[in-house]
Amino acid sequence: MTTEERDRRVLALYEQVLEIEERLIPTGLHVFGRVPEDVAQLDMLRMVASFDRPEAGARALPELVAEGLGLGSYAALLEASEQTSALLAKRERVDEIVRASLELFVRAGTEPALTWLEETARVKREDAQPLFSLLMRIREQLSTNQELDGLARALRGEYIEPGPGADIVQNPLILPTGRNTHAVNPYTVPSEIAYARAERTVSRLLERHTSEQGRYPRAMALVLWGLDNIKTQGEGVAQALWLLGVKPLRDAMNRATGVEIIPLERLGRPRIDVVMTVSGIFRDLFGATMNLLDKAVRAVAMLDEPPEMNYVRRNIDEQIKNDGCEFDEAILRVFSNAPGNYGTNVNFMVMDSQWENDSVLGDLFVTRKCFAYGRDGEGRAVEGHEARRAMERALTRVEATYQNIDTFEIGITDVDHYFEYLGGVTKAVEGRANCKPAVYLSDSLSNDQKIRSLEETVRLETRAKTLNPKWYEGMLKHGFRGVAEIESHVSNTFGWSATTDAVDDWVYTEVARTFILDEEMLARLSRLNPHSARSLVGRLLEAQGRGYWKADAKMLERLREVFNGLEDLIEGVA
Ligand code: BEZ
Ligand code: MG
């Protein structure tokens, strides 16, 4: 290895370490009615301060600091294709000043923070003032919690004032909490901002796919959730539109009810076919949006364009020719549960260990989600008619699966819904396309809208949360519930093994070392919640048994011993 090569590798490694360090994680559960502690507040304020806030006339603090120091734009530092040590040092210097100024703000208030920023980084007071006014308002609102009061008033049947539902970083106006959360008007989705951001995410997604697979995906399977599209005002929806190469068209009442075709010359790439699985919540909230997506697919399928530039048209033509199916069937792309039904049940099947052959998980996904929505060729509403064959045929052409992740609060191992959806659809594709699709997630919350493979995301979540003492000690402060949270992270990780095999062996090995082979930790878990401790060990043994983890024999023996010990303990207690 040359010195240059070595330096490059060390830097790449260093960047990964930074990424884990900087990842914002919840360090404990929200306790209803209680305000977040200073440390947690500081993390939230830092995230809020890292974005431009045009609505408050405020600019992102890292940008102000980088400019004040004469380093140019912070975004440019982040985006430089090659991260040299000089660049990283600049980034770190900016991050350190941002962190220190916010600590000072939390400790001593706005004035000292502004003065310090001016002295340390030549940030003009008048430039930073709007941001700090916003941060002060957020801090005050974070310190007053109306949740218990709101609940009591609701129970008395009194009026609760409404407030928007979102992520605090995306929309600080969600504060104060304890109000009556309201969602969005589906006709406003996607918003202009969501659509603009989606262009970048999609171009990164396609760049990543082409660089790894050597070509554009013939078709992609997308997962769209309701709450996420509320929070981002439709970023996921906008990404689907960009993949197809269309723009939402607003009617006289400013409702997004149509689409405008983006010419191929402007798009500069083929139109990608998309098979969309939307959640039951999305279906209930975004009926108008499902129509918009269906309309977009139909509009693209009608274009007179060369097949190598219009994959929707190419796939439909091929399908009609090869499978002899009708156009009306071949064009279906928006799928969800039957009306009134929710979820894929893949999570329940995994959690209950109720399957023998992995492909059953993909079949279950299709059984639950093969109901088509939109309008037919004559404009008649299609509201959830069973279209299993259409969905299966559409999935045969899928080469990549994808979901937009928009929040730092809930990651892919925090809940079982990510693997039931993205894992479920990936398994369904695997069984029908006869290949393993590439699986990608975006981090649309981060400033640079990163695309990660599923494998990378599992590693990052494992290091930032499950194996991070800051995270698990935060959980363990909650006693019984905290152990259940740790167990649930391990089970959700296992869910990714079951649906996608995207979990490295070291993940399970380190989980075993951290929580079970460490005698002191095992004693704590067993005392606080022996049931969850037993499930955790059971899950590790199952991961080994199903071939997801190559564990060494001694470790396995010890795990079995611990499992039996916990069984005895629980039976003795019961
Ligand atoms: C949704 O927002 O659509 C959703 C939420 C939780 C689980 C699955 C979907
Ligand atoms: Mg493996």
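Ligands are counted one by one from 1 in listed order, and the atoms in each one are counted from 1 as well.
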- Message: Please report whether ligand 1 has a polar contact with Leu227, defined as an N or O pair separated by less than 3.5 Å (distance criterion only).
- Response: yes
- Which of Phe286, Tyr342, Phe282, Tyr421 passes ring-ring contact (aromatic ring centres under 6.0 Å, His included) with Trp225? It is Tyr421
- Closest protein heavy atom (residue, atom, distance) for atom 6 (C) of ligand 1: His417 CD2, 3.9 Å
- Query: Which ligand 1 atoms does Gly226 reach within 4.0 Å, using its non-hydrogen atoms?
  - Reply: 1 (C), 2 (O), 3 (O)
- Would you please test Asn404 and Gln239 for side-chain hydrogen bond (donor to acceptor under 3.5 Å, both in side chains) and show each step? CA-CA 9 Å; Asn404 186 48; Gln239 290 163 3; 3.1 Å; yes
- Message: Keeping Arg271 on the side-chain end and Val312 on the backbone end, is there a donor-acceptor pair under 3.5 Å?
- Response: no
- Task: Please work out whether the ring planes of Trp242 and Tyr195 are parallel, tilted or perpendicular, with thresholds of 30° and 60°.
- Result: parallel
- Query: Please state which protein non-hydrogen atom is closest to atom 4 (C) of ligand 1 and give its distance, to 0.1 Å?
  - Reply: Ile281 CD1, 3.8 Å
- Query: Can an N or O of Ser279 be found at a distance shorter than 3.5 Å from an N or O of ligand 1?
  - Reply: yes
- Message: Check whether Phe494 forms a cation-pi arrangement with Arg539 (NZ or CZ under 6.0 Å from the six-membered ring centre, at most 45° off the ring normal).
- Response: yes
